[in-house]
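Structure first, commentary second.
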Amino acid sequence: MKNNENRIGKRMRFGRKIAATVMAAVVFMGGMMLAGGTVRAEEAVPFVDISTDLISLSPQAAEIQMNVAARNLPEGTEFGVSVADGSVCSVEWVEKGTRGYTRLLFKRGEVLGETVVTVFVAKHPEIAREIRVTNKDVADSYVYEGDGSMNISGLNMAPVPYEVHTVSTDAEGYFGLVWKNAAGEMEVLENRAGAFESSSTVARGTEGSSLEIRAAGHWKITMTPVLTETTPTQAGTGNMVSGRFRGDDKTHSVYCANWADKGNFIVWLYDINDHTKKLLANGVGTYGKNNGNIYLDASHSYYISVESRGDWLVEFSD
């Protein structure tokens, strides 16, 4: 009797295993067999990684390209695109399906200003992203404002130095700003927390430049070519980028002083003509030192960039 019960139990367990295996196989193949027909598994909702980059079209750049990635697109599904103001830019697709990406080509229009390009999945209009596009005038300052993280692409900057003035109003969050060029060179311009107003520099603008902004709050960035004429001796408060000044074929002693209680005090002297820089001061907190033998070539132009949390002085003397 007991042996019969054991055999019956083994058969029942074996039967349940077979049933579970068959059920799993049916589900894996996309459906379940039920009375009255087959119920197909629900189609996957497409995932579309459409960049929220800001595209900037300057006169040096007739067109800018960016990639759009997509996964789980049902067969035959197409992307769609709409442009709010076609006089600012036009958009067309090129190289569809290359390595899993679709390449979106922006072409510069005839009118300066800003428009919004919306990219969407044709069969799923709820899956859409907006991309801001601006047309900038030649030699104009670049002014961008936004909230949270953003990438700014397509900056075809003139080959001159720029002051990058940043204002962040987020009192508690992090703010990071990185400049890159098409050659892969990069410069960390800001890396701090809390609200601030500051200036940093890009020593030489290039075509194909971009900005990466990592932030939680509101910010404004203004990039202006360093064109204003000034004198070598400068004084100020906080981070600053000076105007340009001519050399005089003389060797100078440079006194650098900082009256902040804490924080870095760093002073760079940039040579605009040969794109080199010389460190004039590097300290923390209160600082005061002379740096001698600084030669200024009369055929070259220069400017200084200062990092400080307080009042400072950079004084050139013969």
Side-chain angles (χ1 to χ4, degrees), residues 149 161-180 185-204 211-224 226 228-245 247-248 250-272 275-296 300-318:
S149 296
Y162 283 78
E163 176 190 4
V164 183
H165 185 77
T166 305
V167 178
S168 175
T169 59
D170 187 357
E172 298 180 354
Y174 169 76
F175 185 90
L177 176 62
V178 176
W179 172 84
K180 293 182 178 180
E185 299 169 328
M186 60 179 288
E187 187 79 27
V188 178
L189 302 179
E190 300 292 349
N191 182 26
R192 61 173 75 199
F196 70 93
E197 180 173 357
S198 173
S199 286
S200 53
T201 186
V202 171
R204 185 187 185 191
L211 294 175
E212 291 185 4
I213 302 157
R214 297 295 173 260
H218 187 76
W219 49 264
K220 183 177 181 179
I221 297 171
T222 304
M223 298 195 301
T224 306
V226 179
T228 304
E229 296 289 336
T230 189
T231 59
T233 294
Q234 297 285 315
T237 302
N239 291 9
M240 192 203 79
V241 176
S242 77
R244 61 171 64 198
F245 51 88
D248 53 10
K250 294 182 180 179
T251 299
H252 296 264
S253 175
V254 183
Y255 177 68
C256 298
N258 185 48
W259 290 279
D261 293 333
K262 59 183 179 180
N264 293 332
F265 177 59
I266 301 172
V267 181
W268 288 100
L269 172 68
Y270 287 85
D271 187 321
I272 295 174
H275 309 295
T276 60
K277 62 182 181 179
K278 185 183 294 292
L279 185 64
L280 299 182
N282 184 14
V284 177
T286 304
Y287 183 99
K289 287 184 181 180
N290 270 307
N291 194 334
N293 299 320
I294 303 300
Y295 177 73
L296 300 180
H300 289 206
S301 292
Y302 303 84
Y303 72 100
I304 64 171
S305 175
V306 179
E307 179 181 345
S308 172
R309 291 195 183 182
D311 298 333
W312 53 266
L313 169 69
V314 178
E315 184 177 43
F316 286 73
S317 59
D318 296 339

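Side chains are part of it too, since the values below use all heavy atoms of this structure and drop only hydrogens, waters and symmetry mates.
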For residues 233-244, dump all side-chain donor-acceptor pairs below 3.5 Å to protein atoms at least two apart in sequence or in another chain.
unit_1 : atom_1 : unit_2 : atom_2 : d
T233   : OG1    : F316   : N      : 3.1
Q234   : NE2    : T230   : OG1    : 2.9
Q234   : NE2    : T231   : O      : 2.8
T237   : OG1    : D311   : OD1    : 2.6
N239   : OD1    : S308   : N      : 2.9
N239   : ND2    : S198   : OG     : 2.9
S242   : OG     : I304   : N      : 3.0
R244   : NE     : V226   : O      : 2.9
R244   : NH2    : V226   : O      : 3.0

*Taking all non-hydrogen atoms of both residues into account, name the closest pair between G247 and L296 and its distance.*
CA-CB, 3.7 Å
*asked:* To the closest 0.5 Å, what do you measure between NZ (K262) and CZ (R309)?
replied: 6.0 Å
*Residues forming a side-chain contact (heavy atoms from CB on, under 4.5 Å) with T228, sequence neighbours excluded*: none
*asked:* Going by the rule side-chain hydrogen bond (donor to acceptor under 3.5 Å, both in side chains), which residues pair with E315 if we only count those two or more places apart in sequence or in a different chain?
replied: none
*Could I get the full list of salt bridge (Lys or Arg N to Asp or Glu O under 4.0 Å) partners for E163, not counting sequence neighbours?*
none
Only distances under 3.5 Å count here; give the side-chain donor-acceptor pairs of residues 280-294 to other protein atoms, sequence neighbours excluded, each with its distance to 0.1 Å.
unit_1 : atom_1 : unit_2 : atom_2 : d
T286   : OG1    : A260   : O      : 3.4
N290   : OD1    : S253   : OG     : 3.4
N291   : ND2    : L280   : O      : 3.2

*Could I get the full list of side-chain hydrogen bond (donor to acceptor under 3.5 Å, both in side chains) partners for H218, not counting sequence neighbours?*
E145, D147
*Report the residues that fulfil side-chain hydrogen bond (donor to acceptor under 3.5 Å, both in side chains) with N191, sequence neighbours left out, ordered by chain and then residue number.*
Y174
*Measure the spacing between CD of E307 and CG of N264 and express it to the nearest 0.5 Å.*
5.0 Å
*Would you give the length of the straight line joining atom CD of E197 to atom NE2 of H165, rounded to the nearest 0.5 angstrom?*
3.5 Å
_Contacts of S168 that satisfy side-chain contact (heavy atoms from CB on, under 4.5 Å) - sequence neighbours left out_ = D170, F175, F196
*Straight-line distance of Y270 OH to T201 OG1, nearest 0.5 Å*: 5.5 Å
*Please identify each residue that fulfils side-chain hydrogen bond (donor to acceptor under 3.5 Å, both in side chains) with W179, with sequence neighbours left out.*
S209
*Got a sec, which residues hit side-chain contact (heavy atoms from CB on, under 4.5 Å) with H275, two or more places apart in sequence or on another chain?*
R204
*Please name all residues satisfying salt bridge (Lys or Arg N to Asp or Glu O under 4.0 Å) with R192, sequence neighbours left out, ordered by chain then number.*
E190
*Rounded to the nearest 0.5 Å, how far apart are CZ of F245 and OH of Y303?*
10.5 Å
